[in-house]
Structure formats: structure tokens, C-alpha cells
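Structure first, commentary second.
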Amino acid sequence: MKRFLKYAKPYRAAFLLGPLCMIVESVGEILLPFLLQLIYGRVEAPTSSSSADIGYILLIAGAMFLLSLCMMAGGVGGAYFGSRASVGFAADLRTDIYIKVQSFSFANIDRFHPGSLITRLTNDVTQLQNFVNMLLRMCLRAPIMLVGALVMAIALRPDLSVILLISVPLLAGLQYLIVRVGFPRFRNMQARIDRLNETVQESLTNVRVVKSFVREEHEKEKFAEANDRLMEYNLKAMNVMLFTQPMMMLIMNGTMLAVLLIGGRQVAASAMEAATLATFLTYITQILFSLMMMTMLFMNSSRALASAGRIREVMEEEISLTDEGAAHPEKKVTRGEIEIRDVSFRYYKNSEDPVLSHVSLQIGAGETVGIIGSTGCGKTTLVSLIPRLYDVDSGSVLIDGVDVRDYSLHELRDGIGMVLQKNVLFSGKISDNLRWGDEDATEEEMRAAAAAAQADGFISSFPGGYDAAIAQGGQNVSGGQKQRLCLARALLRRPKILILDDSTSAVDTATEARIRQMLASKLPDTTKIIIAQRIGSVQNADRIVVMDGGRVTGIGTHEELLRENQEYREIYESQQGGKEAAV
């Protein structure tokens, strides 16, 4: 828990005042039975003057009233400062986790999965928040009540206090059992919450696919399985509490019964006053209640420790892509010349077969290069190495003669516009999404970029135009519209390198042709890399790269590859055959 102390420092006043307020309440609870005994004693053994007795009782009652007011102030203050400290602690911790996740590379995100990261940002942080709140309210109150009530009970009746030699060790043993058994169970339960969140996220994100394939029942079964597993592990964790709470009550009630049996006989034999027995019972109750509070604290600490461990995993995750060691962190991408030297890459480093194997390629500044090949041949992986979304295992990728690892990530990616294979839009206005390319873009610049991407027409037809709302994930626009909006967003960046990863697959051929003409005429100095499944999308490129099995099998113009590259010719003939069949 040491690494979380820094989140307490900004709220050190609340962390200090909260327990101090609880001390006031605890001291009051210890003193009240003592004052009440004084009243009992005067009632049982009155003086000769009744007016003196009444005055004495009123004086003690007044003191009890003032003490109760102090206790109320302490209780309210403790609750207020505890809540303030715990909420601030959780907010700062959640912010740091989010910042850390934002610095993750694709490889780091692949390790944790989005559903698990969401759970750690929300549920796990909430568990720590609840524990901090409880800790501030009980960390001093329970021990002070325990020690204070124990001292008062022993001072009052040492002989009856011997009963505590049995009950206190039993309750301490229960606390040890809670930590020993509860911790692994709560950790497993949090992992099952991860799985449930991943299932829900996947189902809701892809709800249109689910409905189009009539797979609702399958998704219900998958959710039910994840939900049942969570319930199973939840019950295993809760069984610790279900077992310990009755055991605590049994020990507490047994202790009270033993005190009543022994003390009652002493009262009946006039060896002890009834007021003394009542006061002693009150202190015994406080002792046992303080132990019960400490047990509850340990129960919550088991779950908090499990959550803290999961949060620590995120915070201590080593970022696989950083600017550390960059030789030219201030350098910008100026020309857009690309050289790929003998690059090999594996997503899973212990895998025998590489995704890319000894790939070499040179792309001149301002050149248009198409990349084509079968699904899974490594096209997207190859272009992902250029903006350094992943790092090569061997070899190097250079831009303008400088290794991409020698740029800062900000300057490198600022010079590259990339339209990913999976087009993503965010909830908000169309203009908000476009300004991801340039947050300072004017309306005229947005319209120019949208027109170049063949998107201005349909944007203007929307109610509100560029201020029209985009649903989460862009679900209220078509696939082709989404692709063109993403392209316009990339064009607003005015990049030196533009990477289009199958980014026109959902638009018609006429629109695609106009986009290609725009790229050629308006971006003559921008290096353009176009990944496509259709040969028609790349056949006018300066050069076409053919890939298969993670290797480059051919480079040339459309005509050269038709003559010299069998794989390219087979792709061309299969697509031409499809067209003829369609006719």
C-alpha cells in the first residue's frame, strides 16, 4: 500500500482531522458509562438531602449532554473528513491510472484487455475508496475503544475481566482467517468482474452484428455463463463474511451471557451492585464491538488489497514504447521518405513463426505506394511499424534517414496521418471528430478537408451540418460515411506521410476514384501508402508491393507485376473474373 501514500498527501488535513474527530467520539463513548454509573450510585445510595441528590444528578446529566454534543460533532466531522479524503484519494488515483493507460502501447493494451482496464479504473478504485473511508473512521476509534473500555472494565471488576482471555483470542483468530482465506477469493472475484465487463463491452459494441446474424441467444448464453461464474466466485468470497459474522456474534453473545451468569450471581449475593454490573456489561459490549469493527476492517482490507494489487499491476506495467533513448526527440518529419531495413516482427515474442520476416522496402518522399496481398499476410502490421505503434523485433524503420525510435512519439506521429482498418468516431459533433486532426482547424479548413475526402456533400445534408451529432462509435452514419470522415480527419493533419489501411473499402468505385484523384492532385508532396484488397484501388500507384506470408514477394508497377509476379496476376484474374461473372 506504500505506493498509494502519495495520493493521501494532498488531503493530509482531512486524513488527520478525520481520525482526530473519531477520537473525540471514542473517548465520549468510554466516559458515558462511567458518568452513568455515578448517577446509578447516587440513586441506589442517596444522601440525607434529596435536593443535593437531584442537583448532583442534574450536574452529571448536564455533563453527559455536553459530552454527547461533542460526540455528535466528532462523529459528523469524522464522517465528513473521511468522505472528503477518500473521494479525493480515489479521484487522483483514478486520474493517474487513466494517464498511465493513455501511455500504453498496443502491446500493453493487448496484455490487459480493455474490459479489465475498465474494471480496474472503476470497481477496483471504488474498493480502495471504501477501504480508505472505513480506515479513517475506524483506525483509531476501534483501538481507542478497545484499550479504553478494557482498562475501565479491568479497573471496575478484574475478576469478571478474565472472561475476555477466551473471547478476545477467538476474535483475533477470526481476523487472521479472514485475511488468509479472503484475499485470494476476492482477487478471483475481481478477475471474474473483468470477464463479465469484457463480455458486455464486446456484445454492446458489436450489437448490430449480433442482431444481423440473429445471435442474441448465443450472446445471452455467453453473458449468463460469465454472470454465473461471477456469482459463483462472489459467493465464495462472501462466504468468508457469512461464516465470520455469525461466529463473531456467537462469541460476543457467549461473552455477554458468561458475564451475566457470573455477575448476576454476585449481585444476588450482594457481592456487587447492579449498577456496577450494568456498567461492566456496557464496557464489555464496547470491547467486543471494537473487535467487531476491527474484524470488519480486516474483511474490507482483504478485498482492498486484492484491488490494490490489480491497480499496482497497471501502474507498474513497463511501457514497451517510450521516448527514452531517442537521439533526436525534437526532430520533425520533414520529407516523408521511408526505408524499411530487414524487419522481422512477432506479436507474441515466444511464437516460432514471425508475422513479418526480413522485409525490406524503400519509399521515396511524395511517392504513392500500394500494398496488396492475402488476408493475414502482414500488410497492416508493416504499416503499423512506421508510426511506431509497435516496435520491430529486428531490423529498423527509418523516416527521412532517421530511425523511428530516435524521434519522440509525439513528433513522429504528428507527421503521419493514418486511417486505420477499423474506423473509429467518437460521440460528439462532426466538427469535434474532424478536429482530432487539427484542434485549431477553422471551419473553412474542415470543409476543404471534407470536400477532399468526398464527405462535404453528405455532411451538409445532415440537420446541423458540421454540428450534427455523432453517436458513440459512429453508429448513426454508414460505413462509407465513417471512412470518409476518418479520411477527412487525417487530411486535416496535413501529414508528410499518409497511410490508408483499406480505408475506402466501403465506398463505391466512382467515389474511390475521385478520392484517388484528390490525393494525387492536392497532396503531391505527401508520401502515400495505400493498403487495399481491390487491385483497382492501387493499380495507378507509382509502385505496388505484393506481400504473402509476412514477406515481400514483388514490387513494381501494375503492368510489371502482371508480367512478372504470379501471385499478383492471380489476384488480378480472380477479381476480373468476379466482375465478368457479375456482368
Side-chain angles (χ1 to χ4, degrees), residues 1-4 6-7 89-131 183-206 219 222-223 225-227 229-230 232-234 237 302-324 345-351 355 380-381 384-385 387-393 405 409-410 413 418 420-422 424 426-427 472-473:
M1 301 292 286
K2 289 182 179 179
R3 75 163 296 116
F4 299 105
K6 71 174 185 177
Y7 300 104
F89 170 92
D92 292 349
L93 175 59
R94 194 180 295 113
T95 298
D96 273 7
I97 298 171
Y98 185 77
I99 291 172
K100 176 76 174 188
V101 171
Q102 287 295 311
S103 69
F104 276 7
S105 67
F106 282 16
N108 294 124
I109 293 173
D110 291 343
R111 178 176 178 267
F112 282 98
H113 304 295
S116 177
L117 290 173
I118 291 170
T119 304
R120 295 171 200 237
L121 268 165
T122 53
N123 187 279
D124 285 316
V125 173
T126 300
Q127 297 306 323
L128 278 183
Q129 175 183 328
N130 293 339
F131 174 69
F183 179 78
R185 295 192 180 191
F186 282 120
R187 188 172 183 85
N188 288 334
M189 186 180 75
Q190 294 301 112
R192 288 298 159 183
I193 294 175
D194 283 353
R195 180 56 186 156
L196 183 68
N197 281 346
E198 290 170 8
T199 301
V200 172
Q201 181 188 31
E202 184 178 49
S203 179
L204 294 181
T205 302
N206 302 303
E219 291 301 311
K222 191 165 69 171
F223 175 83
E225 180 183 357
N227 198 30
R229 294 289 287 173
L230 173 59
E232 177 187 340
Y233 279 87
N234 207 334
S302 294
R303 188 166 189 179
L305 284 171
S307 293
R310 288 159 48 81
I311 291 171
R312 192 175 64 250
E313 287 176 354
V314 176
M315 299 299 287
E316 294 179 355
E317 172 74 2
E318 185 178 351
I319 309 300
S320 59
L321 295 178
T322 67
D323 293 337
E324 186 177 351
F345 176 79
R346 292 175 174 84
Y347 285 109
Y348 303 101
K349 305 311 175 186
N350 57 353
S351 175
V355 179
T380 297
T381 302
S384 295
L385 300 176
R388 207 182 166 204
L389 300 180
Y390 295 95
D391 263 344
V392 299
D393 292 341
R405 290 167 289 196
L409 289 171
H410 178 271
R413 293 171 183 174
M418 190 168 186
L420 297 170
Q421 194 171 20
K422 182 179 180 181
V424 176
F426 297 88
S427 55
Q472 185 177 20

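Nearest heavy atom pair, residue Gln127 against residue Ala304, reads O-CB, 4.3 Å. Shown here for Ile319 and Ser103, the closest heavy-atom pair between the two residues is CG2-O, 3.3 Å. Heavy-atom minimum distance, Asn234 versus Met189: OD1-SD, 3.2 Å. When all heavy atoms are compared, the tightest approach of Tyr390 to Leu385 is O-CD2, 3.5 Å. Annotation for Arg413 and Leu321: closest pair NH2-CD1, 4.0 Å, computed over non-hydrogen atoms. Shown here for Asp391 and Ser320, the closest heavy-atom pair between the two residues is OD2-O, 4.1 Å.
Rounding to the nearest 0.5 Å places OG1 of Thr122 at 9.5 Å from CD1 of Ile97. Remark: Thr119 OG1 to Asp194 CG distance equals 4.0 Å, nearest 0.5 Å. We find the CZ-OG1 distance between Arg94 and Thr126 to be 5.5 Å, quoted to the nearest 0.5 Å. Here the straight-line distance linking atom CZ of Arg192 with atom CZ of Arg229 works out to 4.5 Å at 0.5 Å rounding. Taking CG of Asn123 as the reference point, atom CG of Leu196 lies at 10.5 Å (rounded to 0.5 Å). Atom CD1 of Ile109 and atom CZ of Arg111 lie 13.0 Å apart (nearest 0.5 Å).
Salt-bridge annotation for Glu313 and Arg310: absent, with no side-chain N of the basic residue lying under 4.0 Å from a carboxylate O of the acidic one.
The closest donor-acceptor contact from the side chain of Arg120 to the backbone of Arg312 lies at 3.5 Å or more, if one exists at all. For Ser203 (side chain) and Thr199 (main-chain N/O), no donor-acceptor pair under 3.5 Å exists by modelled atom type. In this structure a side-chain-to-backbone donor-acceptor pair under 3.5 Å is missing from Asp124 to Ile311. Within the 3.5 Å criterion, the main-chain N or O of Leu409 finds a donor-acceptor partner in the side chain of Asp323.
Ser105 and Asn108 share a donor-acceptor pair across their side chains, judged by distance under 3.5 Å alone.
The aromatic rings of Tyr7 and Phe4 lie tilted to each other, with the angle between the two planes from 30° to 60°.
Annotation: Tyr347, atom OH; neighbour count of heavy atoms from other residues, nucleotides and ligands within 6.0 Å is above 12. Heavy atoms of other residues, nucleotides or ligands lying less than 6.0 angstrom from CD of Gln102 number more than 12.
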> Does the salt bridge (charged side-chain N to carboxylate O under 4.0 Å, His left out) test come out yes or no for Lys222 and Glu225, once each step is laid out?
Replying inline: CA-CA 5 Å; Lys222 191 165 69 171; Glu225 180 183 357; over 6 Å; no

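Ring centroid separation for the pair Phe106 and Phe104 does not come in under the 6.0 Å cut-off.
Contact check for Lys6 versus Asp92: no side-chain heavy atoms found under the 4.5 Å cut-off.
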